[in-house]
Student: 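Sharing a structure here in structure tokens format.
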Amino acid sequence: MSDLEKQLSMPASQAARRLLGCELERIIGNETIKVRIVEVEAYDETDAASHSYKGRTPRTDVMFGPAGRLYVYFTYGMHYCCNVTVGKDGEGAAVLIRAVEPIKGEAIMEQNRQGKSGVELTNGPAKVCQALMIDKQLNGHNLANAPLTLVLNPASEEDVVVTTRIGISKAKDAPLRFYLKDSNYISRK
DNA sequence: TGCCTGATGTTCT
DNA sequence: GAACATCAGGCAC
């Protein structure tokens with residue numbers, strides 16, 4: 001088991017907090033993009049809003065695998081969203097990455113986002129995938145390895161705000177969305 | 001500023 | 001055949 005997997009083998013709500021403030025490094029050709037995770041949502045198989053709620057299917061297979069993998073899904077006919085799998089091997093849990101802050105490679109992200117800049121670059125789950133060029137090819141990717149790696153660097157507890165989740169129709173009231181209070185890149189305050 | 005809607009593919013029933 | 005963890009553009013106020 002990799003160190004990353006160990007660090008994320010915990011309940012989704014805990015893992016979600018631990019992912020806030022962490023860095024993602026994306027290698028595209030000779031370029032490197034680096035971002036900081038500032039907004040996430042937790043999902044597990046006891047949760048009616050989770051893809052894993054109805055059990056393991058070919059689509060959700062990755063969610064039920066070991067922690068520290070990327071779960072990419074396609075939604076609303078035109079967008080990708082990316083999750084980091086968490087929990088023990090066999091548990092269908094994942095953390096949706098809703099927003100990130102650019103650290104490095106902003107120019108490349110602007111290209112990927114068709115000239116959009118500033119907070120518009122990455123303040124939404126589908127935007128994050130566009131900016132980082134994440135698509136279904138990276139589904140199941142191990143985040144311990146290039147070309148997309150997760151660097152654990154958790155933010156301190158007092159910077160974390162907890163709210164209900166966004167854009168879902170079931171289990172709306174569960175307080176499973178977490179964001180960093182100081183960030184401007186939050187999709188909605 | 002804020003609501004409404006179109007675009008559009010994959011998965012599951 | 002319907003639902004869907006979305007975004008951006010248009011129009012009304």
Side-chain angles (χ1 to χ4, degrees), chain A residues 8 11-20 22 24 35 37-65 67-87 91-102 109-141 143 148 150 160-180 183-189:
Chain A
L8 296 177
S13 56
Q14 273 180 49
R17 289 169 189 266
R18 186 167 281 203
L19 283 170
L20 278 181
C22 295
L24 275 174
V35 297
I37 300 171
V38 295
E39 183 183 353
V40 296
E41 285 177 6
Y43 293 88
D44 67 36
E45 58 196 293
T46 65
D47 176 356
S50 171
H51 289 172
S52 58
Y53 181 62
K54 288 178 183 161
R56 194 167 187 159
T57 68
R59 179 204 201 185
T60 58
D61 203 49
V62 178
M63 281 183 85
F64 286 87
R69 308 300 157 97
L70 197 68
Y71 168 48
V72 182
Y73 67 90
F74 198 80
T75 191
Y76 292 98
M78 43 190 357
H79 295 294
Y80 291 106
C81 297
C82 63
N83 301 244
V84 176
T85 63
V86 300
E91 288 173 0
V95 174
L96 171 69
I97 299 179
R98 288 196 57 88
V100 301
E101 263 178 26
M109 289 193 269
E110 283 179 19
Q111 273 180 35
N112 295 339
R113 294 272 300 123
Q114 285 124 24
K116 296 274 192 305
S117 61
V119 298
E120 288 292 309
L121 224 43
T122 51
N123 65 346
K127 301 178 187 181
V128 171
C129 286
Q130 255 187 43
L132 297 184
M133 293 178 72
I134 292 171
D135 63 21
K136 267 190 13 181
Q137 295 196 336
L138 282 171
N139 190 33
H141 171 75
L143 291 167
L148 182 63
L150 177 65
V160 176
V161 181
V162 184
T163 68
T164 55
R165 293 174 293 183
I166 289 177
I168 55 174
S169 48
K170 296 165 193 159
K172 285 182 200 167
D173 298 331
L176 293 171
R177 172 171 171 254
F178 306 89
Y179 66 84
L180 293 181
S183 179
N184 294 320
Y185 284 78
I186 304 307
S187 57
R188 202 170 78 195
K189 289 260 179 189

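Just so we're clear, the structure is a prediction, and the values are computed from it rather than from any experiment. Note that these values count all heavy atoms, side chains included, but never hydrogens, waters or copies made by symmetry.
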Student: Students often get this wrong, so: under 4.0 angstrom with heavy atoms, is A:Ala49 touching a base, only sugar-phosphate, or nothing?
Tutor: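 Since a base atom lies under 4.0 Å of A:Ala49, the category is base.
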
Student: Does C:dA3 have its OP1 or OP2 closer than 4.0 Å to a side-chain nitrogen or oxygen of A:Ser169?
Tutor: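 For A:Ser169, the contact criterion (side-chain N or O under 4.0 Å from OP1 or OP2 of C:dA3) is not met.
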
Student: Rounding to an integer number of Å, can you tell me how far A:Tyr71 OH sits from C:dA5 C1'?
Tutor: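 Nearest whole value for this atom pair: 9 Å.
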
Student: Output the single nucleotide from B:dC12, C:dA5, C:dT6 whose closest atom is nearest the side chain of A:Thr57.
Tutor: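 Taking heavy atoms from C-beta onward, the closest nucleotide is B:dC12.
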
Student: Please state how far atom CD1 in A:Ile166 lies from atom P in C:dT6, giving the value in whole angstrom units.
Tutor: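 Rounded to whole Å, this separation is 9 Å.
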
Student: Less than 5.5 Å between centroids and less than 30° between ring planes, does A:Tyr76 satisfy that with B:dT8?
Tutor: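 Whether judged by distance or by angle, A:Tyr76 falls short somewhere, so it does not stack on the base of B:dT8.
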
Student: Where each residue is assigned the nucleotide of DNA chain B containing its nearest heavy atom, which of A:His79 and A:Thr60 is assigned the position nearer the 5′ end?
Tutor: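 Checking each residue's closest nucleotide, the 5'-ward one belongs to A:His79.
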
Student: May I ask you to test the A:Met109-A:Leu132 pair for a side-chain heavy-atom distance under 4.5 Å?
Tutor: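 Yes - at least one pair of side-chain heavy atoms lies under 4.5 Å apart.
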
Student: Measuring from the side chain of A:Pro58 (C-beta onward, heavy atoms only), which nucleotide among B:dT8, C:dA5, B:dC12 has the closest atom?
Tutor: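 Given the options B:dT8, C:dA5, B:dC12, the side chain of A:Pro58 is closest to B:dC12.
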
Student: With a non-hydrogen cut-off below 4.0 angstrom, is A:Lys170 in contact with a base, only sugar-phosphate, or nothing?
Tutor: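 Contact class for A:Lys170: sugar-phosphate only.
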
Student: In whole angstrom, give the distance that lies between atom NZ of A:Lys54 and atom C1' of C:dA3.
Tutor: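 After rounding, the reported distance stands at 9 Å.
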
Student: In whole angstrom, what separates A:Arg59's CZ from B:dG9's P?
Tutor: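 To the nearest whole Å, that distance equals 15 Å.
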
Student: How many Å lie between CD on A:Glu120 and C1' on C:dT6, as a whole number?
Tutor: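 Distance check: A:Glu120 CD to C:dT6 C1' gives 13 Å.
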
Student: If I take atom CG in residue A:Leu96 and atom C1' in nucleotide C:dC4, what distance separates them, rounded to the nearest angstrom?
Tutor: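 The answer, rounded to whole Å, is 13 Å.
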
Student: Return the value, rounded to whole Å, for the distance between atom OH of A:Tyr53 and atom C1' of C:dA3.
Tutor: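 Interatomic distance, OH of A:Tyr53 to C1' of C:dA3: 16 Å.
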
Student: Regarding A:Arg113, tell me which of base, sugar-phosphate or nothing describes its non-hydrogen contacts under 4.0 Å with the strands shown.
Tutor: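 Here A:Arg113 touches the backbone only, sparing every base.
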
Student: Considering only side-chain heavy atoms of A:Lys127, which listed nucleotide, B:dT10, C:dA8, C:dA5, is closest?
Tutor: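 Minimum distance to the A:Lys127 side chain belongs to C:dA8.
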
Student: Please determine whether the number of non-hydrogen atoms from other residues, nucleotides or ligands lying under 6.0 Å from atom CZ of A:Phe74 exceeds 12.
Tutor: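 Yes, because the 6.0 Å sphere around CZ of A:Phe74 holds more than 12 heavy atoms from other groups.
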
Student: So, do A:His51 and A:Tyr71 sit near enough that their side-chain heavy atoms are less than 4.5 Å apart?
Tutor: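 Yes; the side chains approach each other to less than 4.5 Å.
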
Student: Heavy-atom nearest nucleotide on DNA chain C for A:Lys116 versus A:Ile168: which residue maps closer to 5'?
Tutor: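 Result of the comparison: A:Ile168.
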
Student: Can you tell me how far P of B:dA7 sits from CZ of A:Phe74, to the nearest Å?
Tutor: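 Atom-to-atom, A:Phe74 to B:dA7, this comes out as 15 Å.
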
Student: For C:dG10, give the paired nucleotide (Watson-Crick: N1-N3 plus N6-O4 or O6-N4; G-U: N1-O2 and O6-N3; both under 3.5 Å), or none.
Tutor: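 In the structure as shown, C:dG10 has B:dC3 as its Watson-Crick or wobble partner.
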
Student: Just wondering, do A:Phe178 and A:Leu19 contact through their side chains at under 4.5 Å, heavy atoms?
Tutor: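 A side-chain contact is absent here, since even the closest heavy-atom pair is not under 4.5 Å.
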
Student: Quick one: look up who B:dT8 pairs with, Watson-Crick or G-U, both distances under 3.5 Å, and put none if it's unpaired.
Tutor: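 Pair assignment: B:dT8 / none.
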
Student: Which of the following nucleotides, B:dT10, C:dC4, C:dC7, is nearest to the side chain of A:Lys136?
Tutor: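 Minimum distance to the A:Lys136 side chain belongs to B:dT10.
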
Student: Taking all heavy atoms of A:Thr85 and all of A:Val62, pick out the closest pair and write down the distance.
Tutor: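 Heavy-atom minimum between the residues: CG2-O, 3.5 Å.
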
Student: Give, for atom OG of A:Ser52 and atom CG of A:Asp47, the distance between the pair rounded to the nearest 0.5 Å.
Tutor: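 Output value for this atom pair is 7.5 Å.
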
